[in-house]
2 protein chains.
Amino acid sequence: MGSAVTARDLARQLGVSQSMVSRAFDPAASVAPAMRARILEAAAAANYRPNGIAAALTRRRSRIVGLVMGELQNPFYPAVLEQMTLALQAAGFEALLLTVPPGQQADACLPRLRQYQVDAVVLTSASLSSAGAAHWLGDGRAAVLFNRTASGPTPLDSVACDNAGGARLAAEALLEAGRQELVFVAGRPDTSTSQERERGFLSAFAARGLRAPRRIAAGDFSYEAGHRAALQAGGADGIFFANDILALGGMDALRHAAGRRVPQDVAVLGFDDIPMAGWPGYALTTLRQPVAAMIAATIEILQARLEGDPQPARALRLPAELVPRGSFLPAG
Amino acid sequence: MGSAVTARDLARQLGVSQSMVSRAFDPAASVAPAMRARILEAAAAANYRPNGIAAALTRRRSRIVGLVMGELQNPFYPAVLEQMTLALQAAGFEALLLTVPPGQQADACLPRLRQYQVDAVVLTSASLSSAGAAHWLGDGRAAVLFNRTASGPTPLDSVACDNAGGARLAAEALLEAGRQELVFVAGRPDTSTSQERERGFLSAFAARGLRAPRRIAAGDFSYEAGHRAALQAGGADGIFFANDILALGGMDALRHAAGRRVPQDVAVLGFDDIPMAGWPGYALTTLRQPVAAMIAATIEILQARLEGDPQPARALRLPAELVPRGSFLPAG
DNA sequence: ATGAAAGCGCTAACAG
DNA sequence: CTGTTAGCGCTTTCAT
């Protein structure tokens with residue numbers, strides 16, 4: 001580190017004040033164009049870049065965003081993570097990645113995030129207690145839930161896909177195709193995604209005056225849980241799984257263990273549109289989450305909050321899109 | 001932020017000097033046990049934690065490690081990422097996640113990492129130019145390649161699995177099972193993993209005086225590339241794919257497009273042991289990378305380097321383990 | 001074992 | 001537009 005050139009070094013070398021060097025890097029500062037050019041040129045030559053840590057200390061904003069990831073083992077998240085870090089980078093932030101240690105609440109990450117003076121936190125498939133949220137927001141920091149909705153009176157912004165609407169599409173497509181014995185496979189029960197997808201699915205039955213479909217609790221969002229759940233589906237001719245990874249496990253169980261054909265004997269639908277849903281071996285019909293738009297919205301909200309936007313918390317919903325594939329071809 | 005309590009606040013409140021508060025948090029500092037207890041207690045009560053940014057500035061060590069991820073879309077990486085961040089956290093580091101923007105070299109991440117005074121960088125499925133590496137190491141920072149080996153004279157430490165050894169196991173198992181027409185499917189040609197796995201696979205043939213097996217260049221590590229490659233395999237009765245994701249694409253092509261049975265007509269092997277390799281629909285025989293041990297080694301090297309370990313660069317190799325599943329059952 | 005003092009490298013008023 | 005001056009909150013000698 002000893003060799004790192006500082007703003008003072010550069011200033012001395014150029015015969016200007018150290019603040020001018022600092023200002024040259026601030027697009028909003030008024031600096032004579034020639035001066036700025038001279039400084040930036042010298043900086044490039046000397047390989048100088050303002051020390052972000054020192055800047056964070058004085059500015060009292062670190063430009064670091066904490067990324068708390070809940071279920072990284074779900075294939076939906078790698079793409080989210082990749083796009084999210086790229087989008088954060090593009091917006092001028094760095095991403096500090098935190099994994100919630102097994103068996104712990106996301107609240108446990110907060111102290112470490114505070115310690116590093118993180119400006120904001122994005123919680124992906126994780127949530128905060130109301131107390132944790134209140135504390136965090138209380139001192140000028142921002143927080144956005146991604147792919148989760150705040151439960152209860154938590155004043156947290158959230159960006160998610162319209163889970164209920166997507167699930168309703170799934171139900172309607174199955175009913176219109178004349179499938180009779182339908183089943184919903186729930187994922188982790190304490191997640192807003194599973195709850196909302198269930199609610200949306202049921203609402204289509206209610207709207208038509210049909211009795212509610214059978215429900216199987218997989219207990220978790222995993223391939224294995226989906227596999228187990230599908231074995232309890234009996235003679236169902238249509239199953240909507242709360243997400244794709246469950247559906248994939250379910251399809252394998254139906255085909256390999258239960259000896260049933262998909263889609264002839266059972267139609268299968270999932271939610272998310274993970275890469276494997278498109279593989280020919282599965283060809284899973286599913287509801288695609290608009291990931292890019294969700295990420296863009298997340299960052300927009302984040303920036304607005306950091307600039308002091310006083311709006312009440314928003315729960316943004318972006319529509320899901322039905323992607324028909326071989327595991328169920330909607331009528332029409 | 002305004003409300004954040006500082007070491008001075010706490011010191012004043014306790015009637016001690018601010019340095020004592022600082023020392024109380026440094027296990028190596030000599031502080032009277034009673035004093036330390038009193039300070040830590042008050043700190044806990046006031047919800048005080050030393051400001052990591054300020055500490056980084058004075059200490060000139062940020063305790064942040066940059067994590068540069070190459071191919072996040074490969075299902076091998078989510079688990080790596082999760083375990084790596086947990087291990088870094090446990091070792092007292094935070095992880096700054098950087099994604100290499102599409103089409104760019106990992107070198108492009110270095111300036112941003114320097115700017116945030118990152119102590120070390122772990123490059124997962126990515127590498128640095130010799131110039132980039134020299135620069136980085138030059139100013140007291142550490143760098144470790146994970147799942148890659150430095151090519152050429154780069155003085156970078158690396159931790160990887162024994163790709164050549166694992167591939168040799170694959171070849172020997174296929175040959176001992178009496179498979180005749182073998183094929184190697186290469187992945188991204190400029191990666192050490194693909195190159196070493198190819199070399200190891202070939203070496204088994206050379207050792208037995210057999211002529212080299214056929215080689216198909218998939219061009220990339222992806223499902224689609226594996227799918228395409230398998231369609232060129234003709235009547236091969238054994239295929240070793242450079243990694244699992246290629247192998248899964250290949251299996252689907254063999255079964256669904258080429259109408260061949262696995263393992264009866266063709267044995268299929270992969271490398272990595274990603275979660276999907278264990279799914280019953282694939283049951284892919286593969287070589288498991290010892291991820292946990294690799295991560296532990298990575299962090300150990302990192303810490304040694306940060307403490308000034310002057311050893312020449314090491315290229316650590318951990319053995320791969322053959323995991324027999326339905327896609328090829330080794331003889332015996 | 002404790003306190004005082006000097007910065008780390010930068011940003012942000014405040015003058016001119 | 002540019003220079004001067006204070007710190008940001010902490011760690012680390014250097015005294016005592």
Side-chain angles (χ1 to χ4, degrees), chain A residues 1-40 42-43 46-64 92 114-119 139-140, chain B residues 1-40 42-43 46-64 92 114-119 139-140:
Chain A
M1 314 269 207
S3 68
V5 33
T6 74
R8 255 208 356 219
D9 300 338
L10 205 62
R12 223 162 358 215
Q13 176 198 315
L14 290 171
V16 301
S17 79
Q18 181 264 319
S19 349
M20 284 314 291
V21 175
S22 177
R23 284 194 269 254
F25 281 86
D26 175 4
S30 47
V31 178
M35 169 69 86
R36 172 170 275 139
R38 197 159 71 96
I39 294 177
L40 291 180
N47 195 22
Y48 167 80
R49 299 260 243 143
N51 178 326
I53 296 288
L57 187 60
T58 55
R59 198 192 301 125
R60 320 193 66 169
R61 280 231 150 351
S62 62
R63 298 199 180 155
I64 297 177
R114 292 177 83 104
Q115 183 155 15
Y116 273 86
Q117 309 298 114
V118 157
D119 290 341
D139 49 45
Chain B
M1 316 267 202
S3 69
V5 33
T6 73
R8 254 205 359 215
D9 300 337
L10 205 62
R12 223 161 359 214
Q13 175 197 318
L14 289 171
V16 302
S17 78
Q18 181 264 322
S19 348
M20 285 314 291
V21 175
S22 176
R23 284 194 268 252
F25 282 87
D26 174 4
S30 47
V31 178
M35 170 69 84
R36 170 170 277 138
R38 197 158 71 96
I39 293 176
L40 292 180
N47 194 21
Y48 168 80
R49 300 259 243 142
N51 178 327
I53 295 287
L57 187 59
T58 53
R59 198 193 300 125
R60 320 192 65 166
R61 281 236 166 312
S62 61
R63 296 199 182 154
I64 297 177
R114 293 177 82 105
Q115 183 155 16
Y116 274 85
Q117 309 299 113
V118 156
D119 290 342
D139 49 45

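Computed from a predicted structure; not experimentally measured. Each chain gets a letter, A, B and so on, in the order the sequences are listed, and its residues count up from 1.
The side chain of A/Ala32 sits closest to D/dT2 out of D/dT2, D/dG3, C/dC10. When distances are taken from the side chain of B/Met35 to each of C/dC10, C/dT2, D/dC10, the shortest belongs to C/dT2. Of all nucleotides listed (C/dT2, D/dG9, D/dT2), D/dG9 comes nearest to the side chain of B/Leu57. Comparing C/dT11, D/dG3, D/dG9 by their closest approach to the side chain of A/Met20 singles out D/dG3. Here the nucleotide nearest the side chain of B/Pro50, chosen from D/dC10, C/dC10, C/dG3, is D/dC10.
Distance, A/Asp9 CG to C/dC10 P: 8 Å, rounded to whole Å. The distance between atom CD of A/Gln115 and atom P of D/dG9, rounded to the nearest whole Å, is 15 Å. The separation between B/Arg12 atom CZ and D/dC10 atom P is 12 Å, rounded to whole Å. Atom pair A/Arg49:CZ and C/dC10:P shows a separation of 13 Å (rounding to whole Å applied). To the nearest angstrom, P of D/dG7 lies 16 Å from CD of A/Gln18. Nucleotide C/dT11 holds its P atom 9 Å from the CZ atom of A/Phe25, rounded to whole Å.
Taking side-chain N and O atoms only, B/Ser19 has no distance below 4.0 Å to OP1 or OP2 of C/dG3. Taking side-chain N and O atoms only, B/Thr6 has no distance below 4.0 Å to OP1 or OP2 of D/dG9. Taking side-chain N and O atoms only, A/Arg36 has no distance below 4.0 Å to OP1 or OP2 of D/dC1. Taking 4.0 angstrom as the limit, B/Arg61 places none of its side-chain polar atoms (N or O) nearer than this to OP1 or OP2 of D/dT11. A/Thr58 has no side-chain polar atom (N or O) that falls below the 4.0 Å cut-off from OP1 or OP2 of C/dA12. A close approach under 4.0 Å does occur between a side-chain nitrogen or oxygen of A/Ser30 and OP1 or OP2 of D/dC1. For D/dG9, neither phosphate oxygen OP1 nor OP2 lies less than 4.0 angstrom from any side-chain nitrogen or oxygen of A/Tyr116.
Judged by distance alone, the side chain of A/Asp119 and the main-chain N or O of A/Arg63 form a donor-acceptor pair under 3.5 Å.
Considering CE of B/Met35 and CE of B/Met20, their distance stands at 4.5 Å, rounded to 0.5 Å.
Between A/Ala7 and B/Val31, the residue whose closest nucleotide on DNA chain C is further toward the 5' end is B/Val31.
Summarising the local packing, CZ of A/Arg8 is surrounded by 12 or fewer heavy atoms from other residues, nucleotides or ligands at distances under 6.0 Å.
At a cut-off of 3.5 angstrom, counting only N and O atoms as typed in the model, there is a donor on one side and an acceptor on the other between the side-chain of B/Arg23 and the base of C/dG3.
Close placement of the A/Tyr48 and A/Phe25 rings is indicated, their centers lying within 6.0 Å of each other.
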